[in-house]
Amino acid sequence: MRLNKMWHRATYIIIRHDSGQGSSNIDDEDSTFLLVQRRSNIKDYCPGKLDPTPGGVVGFNEPYELNATREMMEEMNIDVESGSNELKKLFTFPYQDEKVRVWGGMFECIYRGSLSDIKMQLEEVSEVIRLSIKEIRKMAVEDPDDWMPDGLYAINLYLQYRRDHSLKRRLLKGYSNGNLDRYGLRPKPEVIFFDCDDCLYFDGWQLANQLTVKIEEWCTSKKNLPPGEAYQLYKKHGTALRGLLAEGHMEDCVDEIDEYLKDVHDLPIHEHLSIDNELRDMILKIDPSIPKYIFTASVRHHAERCLKALGIEDLFVDIIDVKSCNFATKHSTESFEAAMKIAGVQNPESCLFLDDSTKNIEAAREVGWRAFLVGRVGRDCGKPISSEHAEHEIDKIHDLPSVLPEIFEHD
């Protein structure tokens with residue numbers, strides 16, 4: 001099969017060695033130890049290579065579980081049926097390179113015996129090494145050619161799965177990690193889009209409410225619209241501005257649109273917002289190789305004033321505002337596509353999105369962004385809110401490291 005690069009099935013088994021002294025937390029990579037095989041030099045595939053996920057080729061009509069149980073016993077004398085050790089199937093994944101095409105069944109084995117109880121099948125295994133996950137990462141970077149490439153891919157899948165599980169992230173269909181029958185690695189984040197209002201700060205919706213009042217006043221005083229009509233335009237068209245344009249209440253010209261945007265955003269920002277050093281410190285700790293943008297349904301000068309008041313105006317590449325998106329509503333596909341174009345990103349799944357609106361979170365899901373809901377109380381209802389389209393939810397932006405720790409882990 002491997003000689004002809006035929007698709008086949010194989011098991012990949014993470015063997016966690018629980019000696020009673022290590023950590024039970026998989027995120028503690030210093031104290032979580034795995035048993036790594038060095039393959040025999042007589043193997044036809046990757047002879048002499050280190051394998052962090054030992055297993056074997058699954059036979060015709062053989063269940064993955066039966067193969068994993070047999071391989072553990074034959075190659076290392078690990079009995080997963082005795083009750084002292086555990087074996088659990090996690091997911092199935094495809095992998096291919098220039099040498100192999102395989103559907104892997106990923107398993108986690110908890111081995112509670114001693115290293116002296118390991119009995120190697122010498123025609124398969126020449127050495128068994130106990131290594132921490134941190135040591136495996138370091139060795140794989142220093143000498144990747146000493147490792148089985150599919151094994152390294154499999155262990156990265158496993159670590160992603162375990163982290164998602166420990167953080168209680170939603171597994172959403174349509175994403176690389178959303179299907180346990182065809183599990184895949186997520187792409188590294190290429191950009192982070194932060195909403196501005198009620199996301200980077202929370203003032204009890206005071207500024208948001210004042211903006212609503214300003215829009216209502218503008219529509220009644222400047223356009224002689226009846227009270228409440230501005231809100232009806234918002235509900236019908238997504239924004240009051242789009243409604244004004246669509247229904248002929250406003251000329252589609254730059255000067256009048258700019259006048260409207262300037263007037264309704266004339267808000268006393270510094271009465272409500274102040275320097276947030278905790279927020280600044282958190283943003284500065286994010287991997288600097290990931291560009292950060294403001295993506296707002298408001299206008300640039302309003303966002304600039306908010307950022308300055310918070311003391312974070314120098315931390316973002318640019319501000320993508322309603323004008324940048326050709327006045328499209330933020331919860332439209334058009335606005336998300338415009339944001340990606342401005343940021344120079346092509347893969348939607350490499351975009352991280354932080355917003356307080358469940359509508360915007362749903363729209364992000366539709367285009368394939370990874371979305372995180374910030375704030376779990378609704379402005380209109382005053383009750384707890386949630387979004388099935390969010391990968392995770394947090395009470396405030398300062399909690400971001402608790403749900404996306406990986407973007408804070410860098411050299």
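Predicted model, so just to flag it, every value in this text is computed and none were measured.
- Remark: K222 engages D263 in a salt bridge, criterion side-chain N to carboxylate O under 4.0 Å.
- For the residue pair H237 and E247, a side-chain donor N or O sits within less than 3.5 Å of a side-chain acceptor on the partner.
- For R9 and E62, the salt-bridge test fails: no basic side-chain N is under 4.0 Å from an acidic carboxylate O.
- Between L211 atom CG and W205 atom CH2 the span is 15.5 Å, to the nearest 0.5 Å.
- To the nearest 0.5 Å, atom NZ of residue K262 and atom CD1 of residue I257 are 16.0 Å apart.
- The aromatic ring centres of Y161 and F91 sit less than 6.0 Å apart.
- A donor and an acceptor atom, one from each side chain of E81 and T69, are nowhere located under 3.5 Å apart.
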Set out, in order, the CA-CA distance, both residues' side-chain angles and the distance that settles side-chain contact (heavy atoms from CB on, under 4.5 Å) for I361 and E391, then state yes or no.
CA-CA 10 Å; I361 294 294; E391 188 172 312; over 6 Å; no
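- The shortest side-chain heavy-atom distance between L352 and F193 does not fall under the 4.5 Å cut-off.
- The cationic atom of K89 (NZ for Lys, CZ for Arg) lies less than 6.0 Å from the six-membered ring centre of Y64 and within 45° of the ring axis.
- When only modelled atom types and interatomic distance are considered, Y201 and D197 share a side-chain donor-acceptor pair under 3.5 Å.
- Judged purely by distance below 3.5 Å, without hydrogens or angles, the side chains of D321 and H301 never pair a donor atom with an acceptor atom.
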Going through the checks in order, is the ring-ring contact (aromatic ring centres under 6.0 Å, His included) test met by Y111 and H17?
CA-CA 5 Å; Y111 175 60; H17 188 206; 5.4 Å; yes
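- Taking the six-membered ring for Trp and the full ring otherwise, F316 and F194 have centroids separated by under 6.0 Å.
- When the shell of 6.0 Å around CZ of R170 is examined, it contains more than 12 heavy atoms from other residues, nucleotides or ligands.
- Under 4.0 Å is where a charged nitrogen must lie from a carboxylate oxygen, and between E29 and R162 no such pair does.
- Exactly one residue among H272, E271, H265 makes a side chain to side chain donor-acceptor pair (under 3.5 Å) with Q210. That residue is H272.
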Would you please test T296 and I320 for side-chain contact (heavy atoms from CB on, under 4.5 Å) and show each step?
CA-CA 6 Å; T296 176; I320 302 170; over 6 Å; no
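- Of the residues listed (K285, R163, K134), the one engaging E409 in a salt bridge (charged side-chain N to carboxylate O under 4.0 Å, His left out) is R163, and it is the only one.
- Between Y95 and Y153, the ring center distance clears the sub-6.0 Å criterion.
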One pair to check against side-chain contact (heavy atoms from CB on, under 4.5 Å): I275 and L310. What are the steps and the verdict?
CA-CA 4 Å; I275 298 295; L310 294 168; over 6 Å; no
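- Just one of E75, E127, K49 meets the side chain to side chain donor-acceptor pair (under 3.5 Å) condition when paired with Q37; it is E75.
- The CD atom of E124 sits 11.0 Å away from atom OG of S126, with the distance rounded to the nearest 0.5 Å.
- Between F336 and W369, the distance from one ring center to the other falls under 6.0 angstrom.
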ring-ring contact (aromatic ring centres under 6.0 Å, His included) between W218 and Y260, worked out:
CA-CA 8 Å; W218 198 92; Y260 165 84; 4.9 Å; yes
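- A donor-acceptor pair under 3.5 Å links the side-chain atoms of Q160 to the main chain of G184, judged by distance alone.
- Within the cation-pi definition used here (under 6.0 Å to the ring centroid, within 45° of the axis), K396 does not qualify as a partner of F202.
- With hydrogens and angles ignored, the 3.5 Å screen pairs a side-chain donor or acceptor of T11 with a backbone N or O of G56.
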